[in-house]
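One-based numbering, in listed order, for ligands and for the atoms of each. Worth saying up front: this structure is predicted, and the values here are computed from it rather than measured.
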Amino acid sequence: CTRYVLVKNTSVRQGIVDAVQRALKDPKVTSVVICGQNGKFCGGADIREFAGPMSGPPLVPMIHAIEAVDKPVAAAIEGVALGGGLELALGCHYRIAHSKAVLGLPEVTLGLLPGAGGSQRLPRLIGLTAALDLITTGRHVSAAEALKLGILDQVTDNNAVDLAVEFVRSVAGQPLDSRRLSTLPCPCPPDVDSLLDKVMSKVRQRSRGALAPVACVQALRAAASLPYAQGMEKERELMATLFNSGQARALQYAFFSQRVVGKWSLPSGASWDNSTARTISKAAVIGLGTMGRGIVVALALTGISVVAVETQEKQLAEASRVVPAMLQREAGRRRLATPPGVISFSSNLQDVSEVELVIEAVFEDMSLKLQVFKHLASVCRPGTLLCSNTSGLDIDQLAAVTQSPGLVVGMHFFAPAHVMKLLEVVYGPRSSPEAVATAMQLGKRMGKVGVAVGNCPGFVGNRMLKPYLEQANFLLEEGATPQQVDEALEEFGFPMGVFRMSDLSGLDVGWRIRKEAGLTGPGVESTRTRQGRRYSPLPDQMCEAGRLGQKTGKGWYQYDGPGGRVARSDPWVDIFLETYRAEHGLVARSITPEEILERCLYALINEGFNILQDAVAAGPEDIDAIYVFGYGWPRHRGGPMFHAGQVGLGRILERLNHHHSHPDVPHLKPSTLLRRLVAAGSPPVQKWREFINKERVHSQL
Ligand SMILES: CCC[C@H](O)CC(=O)SCCNC(=O)CCNC(=O)[C@H](O)C(C)(C)COP(=O)([O-])OP(=O)([O-])OC[C@H]1O[C@@H](n2cnc3c(N)ncnc32)[C@H](O)[C@@H]1OP(=O)([O-])[O-]
């Protein structure tokens with residue numbers, strides 16, 4: 001057994017082909033081990049190669065050639081064997097892995113299917129049922145699970161390559177027929193058709209218009225019912241369709257966006273690679289409402305010691321009971337043996353004096369937050385980082401009441417905070433790079449997708465949501481029903497339409513904010529114009545009627561009672577809307593799903609362009625990651641800014657101009673950046689950052 005070293009990513013395929021051929025010809029070689037370099041087997045195909053023509057030997061014949069070799073070939077898996085990497089390992093006769101290795105076929109998450117024989121070999125190895133689960137979800141499995149499933153032959157805590165060498169030597173000369181997966185039948189349960197139908201309907205329901213999960217089931221149906229060669233033909237056909245789809249491009253863009261946002265930069269020039277983060281081991285959370293409790297759990301799961309402070313005794317008692325159970329549950333879900341962090345509960349703000357970082361999570365009220373920040377500034381030791389979990393208040397105003405405004409940032413979590421992936425890290429004009437770096441690193445430790453954003457009302461996510469919600473309300477005024485609006489958005493791919501979502505989160509949240517902004521409340525006239533802009537008082541009137549959403553059993557829909565989850569249309573709402581229109585002299589018209597999507601989505605996208613123009617987000621990827629990870633934007637549509645590029649910037653501009661010129665919809669004034677991008681020939685989304693920077697230098701924005 002001779003070791004051949006395979007070099008460099010771009011030449012990996014050629015390297016494997018050459019090495020296997022040499023091994024075949026060399027009579028001294030009795031067996032072969034394929035391994036990776038630097039402790040990593042293979043993360044799969046290079047996704048960046050998908051944009052252009054593929055060079056080098058193609059993967060499928062290469063894997064067939066390995067499988068056909070008449071000397072035993074083992075894959076020694078360290079680190080990862082994902083996608084094409086696992087498919088390569090499935091072409092080997094044996095698979096030996098290190099206990100920390102991770103395996104999977106995540107192609108579905110990139111809008112593809114395992115297109116190098118994975119959809120045909122894996123079910124032949126582990127059976128149709130288990131293969132359906134792995135391939136349609138794309139989930140990663142540990143070496144221990146892979147061993148149990150039968151993907152691996154052996155797992156070791158020691159050197160996997162050494163074990164694989166020893167192993168293949170021991171089996172040299174033994175027959176290999178039963179080890180060539182392409183020659184085996186696919187183990188299926190007796191009711192195979194009903195299983196496939198069930199999985200297909202589950203996948204269709206879960207994926208909301210995504211093509212890849214459906215194609216994965218089709219490929220597995222072929223594995224279950226056709227000989228290997230015909231199954232491969234089906235895999236090839238399905239892969240060709242997916243490969244050229246807009247969805248695959250969107251999902252691959254989303255994969256890279258998630259990584260781009262980690263490489264944050266601030267307008268000052270500070271960035272991830274020139275700023276140092278502090279390592280936090282002791283933190284505090286102030287306020288143990290829903291958000292505070294989730295944040296405590298998210299911190300404790302990283303192993304950080306947390307002081308959890310709540311001044312209201314009743315709330316504190318409840319949190320002390322509920323939070324440890326939440327932690328236990330979440331640790332179980334993440335398969336952590338014991339919850340690592342230590343939590344101490346307190347009603348005394350003085351107890352945060354020794355921590356390195358505080359996250360304030362009290363009620364969304366500026367005067368209350370200012371009070372807490374003043375108190376923290378006097379209690380905490382100098383140098384403590386002070387963070388606010390605000391969803392849109394001014395970070396700079398909070399920083400101004402502390403001695404070290406550079407150490408203040410926003411950390412905007414999304415409910416439930418221990419589950420949702422998004423974290424907006426909000427920097428004010430005085431926030432130091434160190435504070436931003438620390439918050440971003442802390443987010444990463446918590447498993448979040450952190451996005452650094454500038455300080456403005458609503459930051460990025462909620463600022464874009466405002467015009468989207470406004471348009472949804474205007475559509476009700478003009479003749480749509482909540483169901484029509486929600487159905488159009490859900491058909492687009494959102495898990496929930498805007499009105500269902502509003503019922504879930506509570507209509508009173510926005511009501512309180514509008515009251516604070518002087519837009520509604522006692523003494524404010526009930527007109528359709530407020531502060532010089534079109535305004536819909538519909539949601540305020542719903543709140544005034546006590547319809548706050550699911551918690552009151554009634555909102556835009558009716559529910560089985562307070563806390564009910566199943567939304568049913570409510571004739572009360574229809575009468576309410578008719579009465580409202582009559583009072584304001586509005587004549588209901590028929591509104592198409594296309595108009596609903598244009599009005600809601602293009603309003604949101606237009607605000608995204610304004611945000612880029614104002615440098616509140618560093619690039620379109622930041623906005624897209626925020627919407628995919630925090631606002632339910634369908635991942636297979638990339639994100640709002642990517643979607644704008646797919647639709648065509650010229651088309652978006654034309655439709656915004658059209659709606660803007662409508663006398664009753666004066667809100668949709670196209671952003672200057674959008675106009676300039678269209679004038680510049682609508683460059684692809686990957687070029688916008690560069691374009692914006694150039695425009696800024698030439699003072700065009
Ligand atoms: C015929 C077709 C056959 C086949 O069925 C198709 C496939 O295999 S489809 C593929 C199926 N495979 C997958 O879907 C696996 C996708 N990859 C992963 O899940 C994780 O990256 C991995 C677990 C491997 C490492 O996680 P980690 O340690 O946290 O590290 P990280 O995530 O931060 O990445 C580090 C850097 O590597 C980059 N990069 C990574 N992978 C790829 C790639 N495949 N390509 C290109 N680039 C890739 C990544 O962008 C980043 O670049 P940068 O410039 O430094 O920002």
Side-chain angles (χ1 to χ4, degrees), residues 8-10 12-13 16 36-64 77-91 98 100-122 131 134-143 212 215-216 219-220 232-233 235-245 247-249 251-265 271-273 421 440-441 443-445 447-450 619 621-622 625 635 686:
K8 295 272 183 199
N9 190 22
T10 47
V12 165
R13 287 193 302 275
I16 293 174
Q37 271 189 320
N38 305 326
K40 291 202 169 52
F41 183 70
C42 179
D46 182 342
I47 305 163
R48 290 186 204 273
E49 274 192 359
F50 295 167
M54 295 269 273
S55 58
L59 206 50
V60 173
M62 184 194 92
I63 295 174
H64 277 142
I77 302 171
E78 298 171 299
V80 289
L82 296 171
L86 180 55
E87 291 176 297
L88 167 64
L90 291 172
H98 188 267
K100 295 233 164 74
V102 172
L103 294 87
L105 292 175
E107 285 87 342
V108 69
T109 64
L110 299 167
L112 303 173
L113 55 73
S119 76
Q120 304 303 302
R121 281 198 180 88
L122 188 68
L134 291 198
I135 292 177
T136 59
T137 61
R139 75 183 176 91
H140 295 179
V141 294
S142 64
C216 286
L220 283 153
M232 282 303 286
E233 187 48 34
E235 181 190 273
R236 196 194 58 73
E237 266 171 36
L238 291 164
M239 182 68 161
T241 312
L242 293 177
F243 203 78
N244 296 315
S245 69
Q247 290 196 5
R249 275 194 291 278
L251 284 158
Q252 288 154 30
Y253 165 85
F255 173 85
F256 289 116
S257 299
Q258 187 177 344
R259 281 144 184 92
V260 166
V261 298
K263 297 180 176 172
W264 56 272
S265 62
S271 63
W272 65 283
D273 57 351
K421 293 279 278 180
M440 288 293 284
Q441 196 200 58
K444 198 169 176 186
R445 279 174 71 189
K448 307 282 177 209
V449 176
E621 298 87 353
D622 301 68
R635 196 178 161 93
Q686 291 81 358

Could you tell me whether the side chain of [Y] reaches within less than 4.5 Å of the side chain of [X], counting heavy atoms only?
| X | Y | answer |
| --- | --- | --- |
| M62 | L88 | yes |
| E621 | K263 | no |
| W264 | M440 | yes |
| I77 | H98 | no |
| R236 | V60 | no |
| R121 | I63 | yes |
| L134 | L105 | no |

Any atoms of ligand 1 less than 4.0 Å from a non-hydrogen atom of [X]? List them with their elements.
| X | value |
| --- | --- |
| G83 | 8 (O), 11 (C) |
| I47 | 43 (C), 44 (N), 45 (N), 46 (C) |
| G115 | 5 (O) |
| R259 | 20 (C), 21 (O), 31 (P), 32 (O), 33 (O), 49 (C), 50 (O) |
| M239 | 2 (C) |
| P114 | 5 (O) |

With [atom] as the reference point, say which of [options] has the nearest heavy atom.
| atom | options | value |
| --- | --- | --- |
| atom 44 (N) of ligand 1 | G85, A45, C42, G117 | A45 |
| atom 6 (C) of ligand 1 | K444, K263, E107 | E107 |
| atom 8 (O) of ligand 1 | G79, G84, A81 | G84 |

- Task: Quick one: list whatever passes side-chain hydrogen bond (donor to acceptor under 3.5 Å, both in side chains) with D273, sequence neighbours left out.
- Result: S271
- Message: Looking at ligand 1, would P106 count as a contact under a 4.0 Å heavy-atom criterion?
- Response: yes
- Item | Min heavy-atom dist K40 to ligand 1 below 4.0 Å | no
- Item | Test: R249 cationic atom under 6.0 Å from Y253 six-membered ring centre, within 45° of axis | no
- Q252 meets the side-chain contact (heavy atoms from CB on, under 4.5 Å) criterion, sequence neighbours left out, with I47, F50, L110, L112, A248
- Just heavy atoms, cut-off under 4.0 Å: does L105 contact ligand 1 by side chain, backbone, both, or neither? neither
Tell me whether [X] has any N or O atom under 3.5 angstrom from an N or O of ligand 1.
| X | result |
| --- | --- |
| E87 | yes |
| L112 | no |
| G44 | no |

